[in-house]
Asker: 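Below is one structure. I have some questions about it.
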Amino acid sequence: MNYQRFLSFLLTMSAFGYLAVRPVEASRSQSNDTEPNSVSSSLTAAQARPGFELHRQRNFSVEYPTGWLVDNSGNTGSDATLWNRQPPTLGGGEWPSDLVRTNIDIVNSSYSSVVRGLEQSDNSEILRRGEVTIGGMRALRVWSIGINSLVIQTIVEYSDSQTAIISSFYADDIWIEDIQDVHWSFRKLN
């Protein structure tokens, strides 16, 4: 997926009311931005941890909680989309509190270009951000808030000319641990 197609997807999500600005709640988005030992020490591209399934796709793998759904048809506008349950039809309104959507995209743009684009965007209000390392790769974790959902994005320096963008949309903080497990589990496949 190229960077322009990804930006188009984000604008489409915004048009459906899933990515616009709303007031910040101080209690939101509190978590640990340190890669858990259980992920970094036990994850390989060949197997998933107990309670998780492994999705492998051409050049990356990611773990997700058992029972979640994977759509890699391209119909969602992303290379892969993970859902914690059957998704509703699009159409705005409140983001259901029991729904999590995670998009995974590899874009043909450098890490610095993607980060610069994020910094110049005013589509969401950034609550916090921090540098992290995912599978040995430099990454930026960004917590933001939209009109109908909270958003956690991890931007990973995949190669000199490609960047992985993992974006999770959710409405209830009970999903943060599952979302972070998915983000931390991202691995580049050679």
Side-chain angles (χ1 to χ4, degrees), residues 1 6 9-10 12-20 22 25 27-36 38-40 42-45 47-58 60-106 123-124 127-128 132 134-135 139 141-156 164-187 189:
M1 168 180 249
F6 179 72
F9 164 76
L10 286 179
T12 300
M13 290 296 289
S14 181
F16 281 109
Y18 293 130
L19 286 178
R22 74 173 177 167
E25 293 180 37
S27 65
R28 298 286 187 180
S29 300
Q30 301 303 311
S31 80
N32 184 353
D33 276 338
T34 305
E35 186 170 20
S38 62
V39 173
S40 61
S42 68
L43 179 68
T44 67
Q47 64 185 32
R49 295 173 289 144
F52 289 84
E53 296 180 39
L54 183 69
H55 173 71
R56 295 178 71 160
Q57 189 164 325
R58 61 183 159 88
F60 68 85
S61 69
V62 67
E63 286 186 346
Y64 58 94
T66 300
W68 282 32
L69 308 170
V70 177
D71 182 348
N72 59 358
S73 67
N75 293 335
T76 64
S78 291
D79 292 329
T81 299
L82 307 174
W83 299 92
N84 68 319
R85 66 169 178 84
Q86 186 65 37
T89 56
L90 290 177
E94 284 295 314
W95 188 271
S97 63
D98 66 336
L99 181 66
V100 176
R101 174 184 175 148
T102 298
N103 300 322
I104 304 167
D105 296 286
I106 308 294
N123 288 337
S124 64
L127 298 173
R128 77 176 197 191
V132 295
I134 306 271
R141 172 90 29 92
V142 178
W143 300 71
S144 58
I145 195 163
I147 224 168
N148 293 316
S149 72
L150 299 166
V151 182
I152 299 174
Q153 285 187 303
T154 303
I155 301 162
V156 183
I165 303 172
I166 308 161
S167 304
S168 293
F169 306 90
Y170 66 105
D172 192 320
D173 289 344
I174 65 167
W175 298 107
I176 289 176
E177 188 174 327
D178 287 336
I179 290 168
Q180 287 196 125
D181 282 344
V182 169
H183 286 233
W184 284 123
S185 73
F186 179 84
R187 295 296 183 266
L189 299 178

Asker: I'd like to check Arg49 versus Asp181 (side-chain heavy atoms, cut-off strictly below 4.5 Å). Are they in contact?
Answerer: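 Side-chain contact under 4.5 Å: yes.
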
Asker: Can you check side chain to side chain contact (heavy atoms under 4.5 Å, CB included) on Tyr64 and Leu69, steps first, answer last?
Answerer: CA-CA 9 Å; Tyr64 58 94; Leu69 308 170; over 6 Å; no

Asker: Measure the spacing between CD1 of Ile152 and CZ of Arg128 and express it to the nearest 0.5 Å.
Answerer: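 Here the rounded value is 8.5 Å.
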
Asker: Stepwise, does the side chain to side chain contact (heavy atoms under 4.5 Å, CB included) test hold for Trp68 with Asp178?
Answerer: CA-CA 11 Å; Trp68 282 32; Asp178 287 336; 4.0 Å; yes

Asker: Before giving the answer on side chain to side chain contact (heavy atoms under 4.5 Å, CB included), spell out for Val62 and Val182 the whole-Å C-alpha distance, their side-chain angles and the decisive distance to 0.1 Å.
Answerer: CA-CA 6 Å; Val62 67; Val182 169; 3.7 Å; yes

Asker: Could you tell me whether the side chain of Arg101 reaches within less than 4.5 Å of the side chain of Ser149, counting heavy atoms only?
Answerer: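 Result no, sub-4.5 Å side-chain heavy-atom pair not found.
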
Asker: Are any non-hydrogen side-chain atoms of Ile176 and Leu150 less than 4.5 angstrom apart?
Answerer: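 No, side chains not in contact.
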
Asker: Answer yes or no: is there a side-chain heavy-atom contact under 4.5 Å between Asp79 and Arg58?
Answerer: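 Asp79 vs Arg58: side chains touch.
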
Asker: How long is the straight-line distance from CG of Leu99 back to CD of Gln86, given to the nearest 0.5 Å?
Answerer: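 Gln86 atom CD to Leu99 atom CG measures 10.0 Å (nearest 0.5 Å).
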
Asker: How close do Gly67 and Glu53 get, counting heavy atoms only, and between which atoms?
Answerer: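 Heavy atoms only, the tightest pair is N-OE2, 3.3 Å.
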
Asker: If you count the non-hydrogen atoms of other residues, nucleotides and ligands that lie under 6.0 Å from CD in Glu177, is the total more than 12?
Answerer: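 No - once you tally the heavy atoms of other residues, nucleotides and ligands closer than 6.0 Å, there are 12 at most.
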
Asker: With heavy-atom distances below 4.5 Å as the criterion, would you say the side chains of Asn72 and His55 are in contact?
Answerer: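 Yes - at least one pair of side-chain heavy atoms lies under 4.5 Å apart.
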
Asker: So which atom in Ala171 and which in Ser97 form the shortest heavy-atom distance, rounded to 0.1 Å?
Answerer: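 Reported closest heavy-atom pair: CB-CA, 3.9 Å.
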
Asker: In Å and rounded to the nearest 0.5 Å, what is the CD1 to CD1 distance from Ile165 to Ile104?
Answerer: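 Reported value, rounded in 0.5 Å steps: 12.0 Å.
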
Asker: Between the side chains of Ser78 and Asp105, does any donor sit under 3.5 Å from an acceptor?
Answerer: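 Looking only at side-chain atoms, Asp105 and Ser78 do form a donor-acceptor pair, the distance falling under 3.5 Å.
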
Asker: Less than 4.5 Å apart, any side-chain heavy atom of Val100 and any of Thr102?
Answerer: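 Answer yes - side chains close enough.
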
Asker: Grab the two heavy atoms, one from Ala80 and one from Phe60, that are nearest each other, plus how far apart they are.
Answerer: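 Answer, listing the atom of Ala80 first, then Phe60: CB-CZ, 4.1 Å.
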
Asker: Restricting to side chain to side chain contact (heavy atoms under 4.5 Å, CB included), what partner residues turn up for Thr154, sequence neighbours left out?
Answerer: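 Listed in chain order: Ile134, Ala139, Arg141, Val156, Ile166, His183.
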
